[in-house]
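Down below is the structure, laid out as structure tokens.
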Number of protein chains: 2
Amino acid sequence: MASGVTDPSIKTPKDSRRRAEGLRQRLEREIFSGALLPGERLDESGLARRFGVSRTPVREALLQLASAGLIEMRPRQGAVVAAITVQQLLQMFEVMADMEALCARYAARRMAPAERQALERAHKACVDLARRRDPEQYYEANRIFHEVVYAGTRNAYLEETTRALRNRLSSYRRFQLHQPGRVANSLAEHDAVVAAILAGDADGAATAMRAHVSVQGEVFTDLVSMLPPQYLQVTAS
Amino acid sequence: MASGVTDPSIKTPKDSRRRAEGLRQRLEREIFSGALLPGERLDESGLARRFGVSRTPVREALLQLASAGLIEMRPRQGAVVAAITVQQLLQMFEVMADMEALCARYAARRMAPAERQALERAHKACVDLARRRDPEQYYEANRIFHEVVYAGTRNAYLEETTRALRNRLSSYRRFQLHQPGRVANSLAEHDAVVAAILAGDADGAATAMRAHVSVQGEVFTDLVSMLPPQYLQVTAS
DNA sequence: CTGTCTAGGCTTGTATACAAGAGAATGTCT
DNA sequence: AGACATTCTCTTGTATACAAGCCTAGACAG
């Protein structure tokens, strides 16, 4: 797929550490964005050539990605982009809904006035962008909305964990965007979340947020059926 | 991971990959057990000599530990066992309480009859061991009790995440054991959790479990004051 | 005596060389 | 012809060599 796409010598003579971090993040983005599809083989030498470094930093990047669960490294058989089973996907969505709900609960209790205003602004941005009918831009605005909620939890660990899970699922959620009427629903749900948080209603915020990010029942079925086959692993091995 | 599917013959009796994993796990245990104290420097060459391998696998192990948050790698300055701030510790305990509560909630809804019996057995084992006044053994029985709850969630991702956080905090919780009366309290709390789960009371199970693992207020203060100074990082950096 | 600058050693980060296993391709035997 | 064994190649895993930055010790000036 990306075999012939050799970007000519990136050549960042600035900071060598920068290069290593950039490597991991770059591969990360390629996975999140779908440029690297699940099941795709990650050849160490090939990546090394592509990025103009040796195999050592490539291996280090791959190891970190494996720790994050984004790729799978089978001993002596190399690394492939992780594909997950339908069960795993459902379970991860389930946990994510509860973690986002937890974030909303904390945020409702802890947000400072300035943060509450930022939440309203982020929500308003979503409303404005929804009118443009540009799913990509709305996707980004929605992401920021959730980031504002994370920041309001005043709990960096919860923030980080939730964000990691959200990122991990992002390549799957992407396919949800194009469902008709999804954006309108999403806005209404945001509205309920904002109202509850501004009112300091922790339970209400949690419930509203859980409903917003919840992907189960028919919604889950629809999502799974829209996924390209590579994204899912056959359950029985 | 333990989703019921049996692994298709792991084989590899002498797999060299095994050695690298053993390396990571060995360092992990040394950190959890307190053999390696927070702030302690992890010299790559030294570890390589100690384990009889070259620096390469050592570096790979360190990178994985860094991904798990157990150590901290500052560029060009080497790795040290992670010490966290009081704020971070409080936040992690907070999240852990909610995640364990979530586990209990799921378990109350989903445990099969056989699993409920296993829960009762695990609880009984705790009661029996408490009489022996052996904190270490009780600690282990308590761990198993929680593992049974995890298994009852039927959500491998939640299970794995919660376990990882629990392990991460284990070296801090260890100091809590020796508080007088802690074991008796713990048993009473287990009792409430078991009762709620057996009754299928999801909310009650969550509340009881949160109360059980919750470390805040005076309990948190006591815990922090019992920690050796290395375990905590000075807040201002 | 103290603060600052500099040079050296020692550590990490990267590249390359080497060993060893997995998979493919080919040849042979039934 | 088909199935099986064997070799061969290509990949990963590990070791070692090399480059580059940080820390410290020591000297010198104020």
Side-chain angles (χ1 to χ4, degrees), chain A residues 1-4 6-28 36 39-67 70-82 237, chain B residues 7-28 31 36 39-68 70-83 237:
Chain A
M1 187 55 74
S3 50
T6 56
D7 34 12
S9 72
I10 303 189
K11 269 277 186 172
T12 51
K14 312 186 75 170
D15 182 0
S16 50
R17 172 69 186 166
R18 202 63 160 281
R19 246 166 54 194
E21 274 194 343
L23 229 174
R24 181 178 68 83
Q25 295 186 343
R26 210 166 145 183
L27 283 170
E28 226 169 49
L36 284 172
E40 194 155 343
R41 183 96 187 264
L42 295 167
D43 181 64
E44 294 178 4
S45 310
L47 291 172
R49 271 194 304 276
R50 219 177 104 204
F51 291 112
V53 295
S54 86
R55 276 178 52 217
T56 308
V58 170
R59 275 182 73 83
E60 298 200 341
L62 291 182
L63 230 74
Q64 290 182 283
L65 292 175
S67 289
L70 269 76
I71 70 175
E72 203 174 334
M73 293 183 83
R74 289 210 213 57
R76 290 277 174 198
Q77 289 179 225
V80 296
V81 180
S237 75
Chain B
D7 252 12
S9 76
I10 301 210
K11 269 204 181 250
T12 63
K14 268 301 186 187
D15 192 353
S16 48
R17 173 72 183 162
R18 203 60 162 280
R19 243 166 59 193
E21 275 195 341
L23 231 176
R24 180 176 69 85
Q25 295 186 341
R26 212 167 141 181
L27 284 170
E28 224 169 50
I31 293 174
L36 285 172
E40 194 154 343
R41 182 97 185 252
L42 295 167
D43 180 64
E44 295 179 1
S45 309
L47 291 173
R49 271 194 304 275
R50 219 177 103 206
F51 291 112
V53 294
S54 87
R55 275 179 54 217
T56 309
V58 171
R59 273 182 74 83
E60 298 200 342
L62 291 182
L63 230 75
Q64 290 182 282
L65 293 175
S67 288
L70 269 75
I71 70 175
E72 204 174 332
M73 293 184 82
R74 290 210 210 61
R76 290 278 174 195
Q77 290 180 228
V80 295
V81 179
S237 71

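The figures here come from the full heavy-atom set of this structure, side chains too, leaving out hydrogens, waters and symmetry mates. We name chains A, B, ... by the order of the sequence lines, and we start the count at 1 in each one. None of these values were measured; they are calculated from a predicted model.
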So B:L27 and B:I71, do their side chains get closer than 4.5 Å, heavy atoms only?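 No, every pair of side-chain atoms sits at 4.5 Å or beyond.
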
How long is the straight-line distance from [atom2] of [Y] back to [atom1] of [X], given to the nearest 0.5 Å?
X	Y	atom1	atom2	result
A:R59	B:R59	CZ	CZ	12.5 Å
B:R55	B:L62	CZ	CG	10.0 Å
B:L65	B:E60	CG	CD	12.0 Å

Nearest to side-chain heavy atoms of [X], which nucleotide of [options]:
X	options	answer
B:S54	D:dG13, C:dG23, D:dT16	D:dT16
B:R55	C:dT14, C:dA15, D:dT12	C:dT14
B:T56	C:dG21, C:dG13, D:dT16	D:dT16
B:D43	C:dG23, C:dT12, D:dT14	C:dT12
A:R76	D:dC23, C:dG23, C:dA20	C:dA20

So what does A:L42 hit on the nucleic acid, given a heavy-atom distance under 4.0 Å: a base, only sugar-phosphate, or nothing?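 Sugar-phosphate, backbone atoms only, no base.
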
Can you tell me how far [atom2] of [N] sits from [atom1] of [X], to the nearest Å?
X	N	atom1	atom2	result
B:L62	C:dT11	CG	C1'	13 Å
A:R74	D:dG13	CZ	C1'	17 Å
B:R41	C:dC10	CZ	P	13 Å
A:E44	D:dT14	CD	P	11 Å
A:L23	C:dG13	CG	P	15 Å
B:L47	D:dA15	CG	C1'	17 Å
B:M73	D:dC22	CE	C1'	15 Å
A:R49	C:dA15	CZ	C1'	15 Å

Respond yes when some side-chain nitrogen or oxygen of A:Q77 is under 4.0 Å from OP1 or OP2 of C:dG21, and no when none is.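 Checking A:Q77 against C:dG21: no side-chain N or O falls below 4.0 Å of OP1 or OP2.
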
Short side-chain N/O contact from B:R59 to OP1 or OP2 of C:dG13, under 4.0 Å: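 Indeed, a polar side-chain atom of B:R59 lies that close.
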
Mind listing the closest non-hydrogen atom pair of B:R41 and B:V80 along with its distance?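 Scanning both residues completely, I find the closest heavy atoms to be CA-CG1, 4.0 Å.
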
